[in-house]
Peer 1: 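First the structure, then my questions, so here it is.
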Amino acid sequence: MSDPLILQAIARLVPQGARVLDLGCGDGALLAHLQEHKGCTGYGVELDDTNVLACAQRGVNVLQLNLDQGLKVFADQSFDVVLQIDTLQHLRNAEVMLRETARVGKIGIVAFPNFGHWFNRLSVLRGRMPVTKRLPYQWYDTPNIRVGTFADFGDLAHKNQLQVLDAFGLQNGQEVRTLPNLMAGTAVYKLQRR
């Protein structure tokens with residue numbers, strides 16, 4: 001996640017001074033922003049060596065863990081907010097990690113590319129996999145092992161008995177609340193356990 005407009009939109013959902021766990025934190029940009037501008041504390045979780053080093057250089061506390069192995073090292077409700085920003089679609093065990101997010105955090109914030117966006121649908125109708133700013137990879141070299149839509153995720157949250165506190169799309173850094181499954185390139189959900 002490198003788009004500053006999306007990072008700012010996600011940061012608005014995080015309460016001032018929250019204890020945050022950022023799963024798949026990349027280079028730590030979001031967590032560093034939350035520390036600097038919202039007085040947040042917490043940890044990033046990242047697997048990639050280069051990103052772990054980048055987090056450390058930013059002053060972000062980071063743990064090098066494979067998320068496909070779960071979050072057993074963290075107690076229930078040990079964080080105010082657990083973030084999964086552009087992470088869920090890369091995981092082999094996405095449903096388990098979603099439940100773990102809700103277990104470890106009082107609230108979870110999940111954001112991912114919305115494959116239901118109109119341009120993606122048009123690409124598939126033309127017989128091609130979508131390649132966009134949000135999905136910049138060709139089908140053969142993408143790190144995404146899952147594809148989902150805004151609507152699909154709502155169903156998954158319901159199936160796992162998670163309460164959706166807020167849900168909207170993002171397009172060009174702007175919130176999309178009307179027809180987000182069709183009109184937004186990014187899906188954003190804020191949720192908690194029921």
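Scope of the values below: all heavy atoms of this structure, side chains included, with no hydrogens, waters or symmetry mates. Just so it is clear, the model here is predicted, and its values are computed rather than measured.
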Peer 1: For Asp27 and Gln57, which I'm curious about, is there any donor-acceptor pair between the side chains at under 3.5 Å?
Peer 2: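 Looking only at side-chain atoms, Gln57 and Asp27 do not form any donor-acceptor pair under 3.5 Å.
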
Peer 1: Would you confirm whether Lys38, through its side chain, and Ala11, through its main-chain N or O, come within 3.5 Å as a donor-acceptor pair?
Peer 2: yes

Peer 1: Is there side-chain contact between Leu162 and Arg99, with at least one heavy-atom pair below 4.5 Å?
Peer 2: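 Not in contact.
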
Peer 1: Can you confirm whether Leu88 sits close enough to Tyr189 that some side-chain heavy atom of one is under 4.5 Å from a side-chain heavy atom of the other?
Peer 2: no

Peer 1: Do the non-hydrogen side-chain atoms of Phe168 and Leu13 ever get within less than 4.5 Å of each other?
Peer 2: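 Yes, their side chains come closer than 4.5 Å.
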
Peer 1: Using the rule given for side chain to side chain contact (heavy atoms under 4.5 Å, CB included), can you reason through Asn172 versus Leu5, listing the C-alpha separation, both sets of side-chain angles and the distance that settles it, and then say yes or no?
Peer 2: CA-CA 7 Å; Asn172 299 321; Leu5 294 174; 5.6 Å; no

Peer 1: Set out, in order, the CA-CA distance, both residues' side-chain angles and the distance that settles side chain to side chain contact (heavy atoms under 4.5 Å, CB included) for Leu67 and Leu47, then state yes or no.
Peer 2: CA-CA 8 Å; Leu67 292 174; Leu47 185 60; over 6 Å; no

Peer 1: Could you tell me if the side chain of Leu31 sits less than 4.5 Å from the side chain of Cys25, heavy atoms only?
Peer 2: no

Peer 1: Of the options Val60, Asp86, Leu7, Ile6, which is the one that meets Leu30 in a side-chain contact (heavy atoms from CB on, under 4.5 Å)?
Peer 2: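 Exactly one option meets the side-chain contact (heavy atoms from CB on, under 4.5 Å) with Leu30, and it is Leu7.
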
Peer 1: Test Arg103 against Val82 for side chain to side chain contact (heavy atoms under 4.5 Å, CB included), laying out the working first.
Peer 2: CA-CA 9 Å; Arg103 179 188 65 79; Val82 176; over 6 Å; no

Peer 1: Using the rule side-chain contact (heavy atoms from CB on, under 4.5 Å), only one of Thr101, Ile85, Leu65, Leu83 pairs with Leu23; which is it?
Peer 2: Thr101

Peer 1: Counting heavy atoms not belonging to Arg194, are there more than 12 under 6.0 Å from its CZ?
Peer 2: yes

Peer 1: Please determine which of Gln77, Gln163, Lys106 meets the side chain to side chain donor-acceptor pair (under 3.5 Å) test together with Gln192.
Peer 2: Gln163

Peer 1: Passes side chain to side chain contact (heavy atoms under 4.5 Å, CB included), Val176 versus Phe150? Steps please.
Peer 2: CA-CA 11 Å; Val176 176; Phe150 184 92; over 6 Å; no

Peer 1: Measure from the side-chain N and O atoms of Asp68 to the backbone N and O of Arg92, and report whether any donor-acceptor pair falls under 3.5 Å.
Peer 2: yes

Peer 1: Can you name the nearest heavy-atom pair linking Gly42 to Phe79, along with the distance?
Peer 2: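 Scanning both residues, the minimum pair turns out to be CA-CE2, 4.5 Å.
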
Peer 1: Answer whether the closest heavy-atom distance between the side chains of Leu34 and Asp22 falls below 4.5 Å.
Peer 2: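 Not touching, per the 4.5 Å side-chain cut-off.
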
Peer 1: For atom NE2 of His158, decide whether the heavy atoms of other residues, nucleotides or ligands shown that lie under 6.0 angstrom number more than 12.
Peer 2: no

Peer 1: Any heavy-atom pair between the side chains of Arg134 and Asn114 that's under 4.5 Å?
Peer 2: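 No. Closest side-chain heavy atoms not under 4.5 Å.
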
Peer 1: So do Arg58 and Gln35 actually touch side chain to side chain, heavy atoms under 4.5 Å?
Peer 2: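 No. Closest side-chain heavy atoms not under 4.5 Å.
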
Peer 1: Taking the side chain from Thr87 and the backbone from Gln84, do they hold a donor-acceptor pair closer than 3.5 Å?
Peer 2: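 Side chain of Thr87 to backbone of Gln84: no pair is present.
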
Peer 1: Determine yes or no for a side-chain-to-main-chain donor-acceptor pair under 3.5 angstrom, with Glu46 supplying the side chain and Gly26 the backbone.
Peer 2: yes

Peer 1: Got Arg146 and Leu91 here, is their nearest side-chain heavy-atom distance under 4.5 Å?
Peer 2: no

Peer 1: Surrounding CD of Gln161 (heavy atoms of other residues, nucleotides or ligands, distance under 6.0 Å), is the total greater than 12?
Peer 2: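 Not buried by this count: 12 neighbours or fewer within 6.0 Å.
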
Peer 1: Using only atom types and a distance under 3.5 Å, with no angle test, would you say the side chain of Glu175 pairs donor to acceptor with the backbone of Leu170?
Peer 2: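 No.
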
Peer 1: Please check if the side chain of Asp141 supplies one atom and the backbone of Tyr137 the other of a donor-acceptor pair under 3.5 Å.
Peer 2: no

